[in-house]
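Reading through the structure tokens given below for one structure.
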Amino acid sequence: MRDYRQFYINGKWQSAEDREVIKVINPATEDVAGQVAAGQPSDVDTAVKAACTAFKSFSQTDRQTRVDLLSRICEVYKKRSDDMAAAITEEMGAPQWLASDYQAKSGYGHFKTALNVLKDFQFDKTYANHTERYEPIGVCGLITPWNWPMNQIACKLAPALATGNTVVWKPSEEAPFSAQILMEVLDEAGVPAGVVNMIQGDGPTVGSAISKHPDIAMVSFTGSTRAGTEVAKDAADDIKRVTQELGGKSANIILDDLSTEQFAKAVAGGAKALCLNSGQNCNAPSRMFVPIARQQEAEDIIKKTLEKIHVGDPGSETTFSGPVVSKTQWQRIQDYLQKGVDEGARLITGGSGQPAGLDKGYYVKPTAFTDVKNDMTIAREEIFGPVLTVLTYENDDEAIELANDNAYGLSGYVSGVDEDRVNHIANNLRAGVIHINGATMQGTEPFGGYKHSGNGRERGESGFYEYLETKAILRKD
């Protein structure tokens with residue numbers, strides 16, 4: 001059993017054995033896998049003081065110093081990648097292939113991207129009568145989730161360090177093991193004392209203390225829209241900058257000009273993508289819009305696709321979808337499944353309860369509903385599980401209208417042959433990232449949402465600006 005009752009503050013591991021304990025449950029077995037200490041506001045105070053002191057010198061470091069630091073982080077991270085993947089499988093149930101090839105590697109990818117961006121980033125832009133100077137904002141509070149633990153900290157931490165900021169970080173109490181390993185990576189890579197500080201704990205205590213702290217200049221949060229609203233309220237008194245990557249209910253529009261083979265590929269691909277990471281992706285294509293004339297064709301493909309997905313032990317090489325993260329999350333999904341039935345949606349496949357042969361662990365059946373109306377709960381709210389809702393449309397304008405008729409706007413998906421039609425739909429979807437014909441993100445594009453899906457952008461050059469203040473230095477002719 002892992003015992004991580006310590007925090008990382010001012011360049012040292014500090015014992016927190018006098019703090020209350022948060023038990024971490026392995027969602028595949030329902031057994032206690034380890035424990036972490038529950039941080040308190042006083043721990044945040046100590047970490048912020050260290051970060052404030054470190055900012056005075058770290059903010060003045062030159063580009064090469066930070067290039068060297070990110071290079072060392074990449075080197076050490078790569079050495080610990082297997083340890084990271086194993087921790088992610090244990091703490092949140094990601095299948096080994098997913099934890100290794102995607103979850104752990106995504107963290108490395110964001111550090112590598114930030115390193116490459118930093119090498120050529122213009123911190124000073126000179127114009128005829130002024131210079132625009134981009135300066136580090138200060139101490140940054142980072143609050144990260146459990147569903148993609150390394151992806152979500154790396155796309156925040158890497159640009160924060162690259163731009164000369166210092167950090168106080170709270171990882172999710174649901175997935176703290178990989179956070180511990182990353183902090184070991186940073187320590188081995190020689191991050192200067194006080195530049196990165198990590199406090200384990202829960203959101204209402206540690207997260208709120210970070211959001212409210214007067215000496216923290218900005219907060220970057222990834223999580224639910226409900227929690228993001230609380231972070232913004234906490235931060236408001238001090239006029240902090242707040243960036244948020246929140247929930248999603250992404251539309252996946254399948255056009256009628258696809259051939260039988262293309263249609264099958266698009267529908268099956270969307271259904272399978274929904275079940276990646278057990279459906280626990282904020283940008284999951286959870287609302288599939290199909291032409292009403294091809295509804296039955298789509299339903300047959302979805303049923304066949306979902307019933308082939310192997311749900312089970314994340315340690316098995318044949319498992320595509322593991323458990324969801326917790327009993328609370330499992331029950332929440334079950335409530336949505338019942339709500340779908342109660343409101344009149346028709347099951348294509350799946351449904352409530354655990355998959356056959358899995359009586360232990362927080363496993364969910366890959367599920368699809370059809371005859372879904374846009375005002376149904378399962379069409380409007382983020383379920384965060386392997387639950388697909390199928391809606392129909394008569395024409396492109398109706399598809400756009402239905403897709404946009406939702407509080408969220410993180411991602412959108414469009415599949416079709418006619419380039420003009422596809423581009424018209426992509427340009428009119430109110431969402432931050434649009435995927436055309438199965439295109440996937442490479443890690444350098446700006447990522448973030450419209451409406452209740454958040455504000456600000458992460459990744460690539462766009463992610464740097466969230467951690468910078470803009471100063472105009474004016475000159476007389």
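Quick note: numbers below take in every heavy atom, side chains included, and nothing from hydrogens, waters or symmetry partners.
- Between Gln152 and Thr222, the side chains place a donor N or O and an acceptor N or O closer than 3.5 Å (distance only, hydrogens not considered).
- Between Lys471 and Glu469 no salt bridge is recorded (no basic side-chain N to carboxylate O distance below 4.0 Å).
- Using a 4.0 Å cut-off between charged side-chain N and carboxylate O, Lys212 and Asp238 make no salt bridge.
- A side-chain donor-acceptor contact under 3.5 Å links Lys156 and Ser220.
- For the pair Arg459 and Phe447, the cation-pi criterion (under 6.0 Å, within 45° of the ring axis) is fulfilled.
- Glu381 and Tyr336 form a side-chain donor-acceptor contact under 3.5 Å, judged by distance and modelled atom types alone.
- Checking Arg80, Arg72, Lys79 one by one against Glu188, the salt bridge (charged side-chain N to carboxylate O under 4.0 Å, His left out) holds for a single residue, Lys79.
- The stretch residues 47-57 participates, sequence neighbours left out, in no side-chain hydrogen bond (donor to acceptor under 3.5 Å, both in side chains) pair at all.
- The shortest heavy-atom contact between Ile210 and Val219 is O-CG2, 4.4 Å.
- Using a 4.0 Å cut-off between a side-chain N of Lys or Arg and a carboxylate O of Asp or Glu, Glu91 and Arg2 do not qualify as a salt bridge.
- For residues 154-190, every residue pair satisfying the ring pair (Phe, Tyr, Trp, His ring centres under 6.0 Å) rule, not counting sequence neighbours, is listed here: Tyr4-Phe177.
- For the residue pair His435 / Asn252, no side-chain donor-acceptor distance below 3.5 Å is found, with atom types taken as modelled.
- Val44 and Ala209 get closest at one heavy-atom pair: CG2-CB, 3.9 Å.
- Asn277 and Gln103 share a donor-acceptor pair across their side chains, judged by distance under 3.5 Å alone.
- Remark: Arg66 qualifies as a cation-pi partner of Phe123 under the 6.0 Å distance and 45° angle criteria applied to the six-membered ring.
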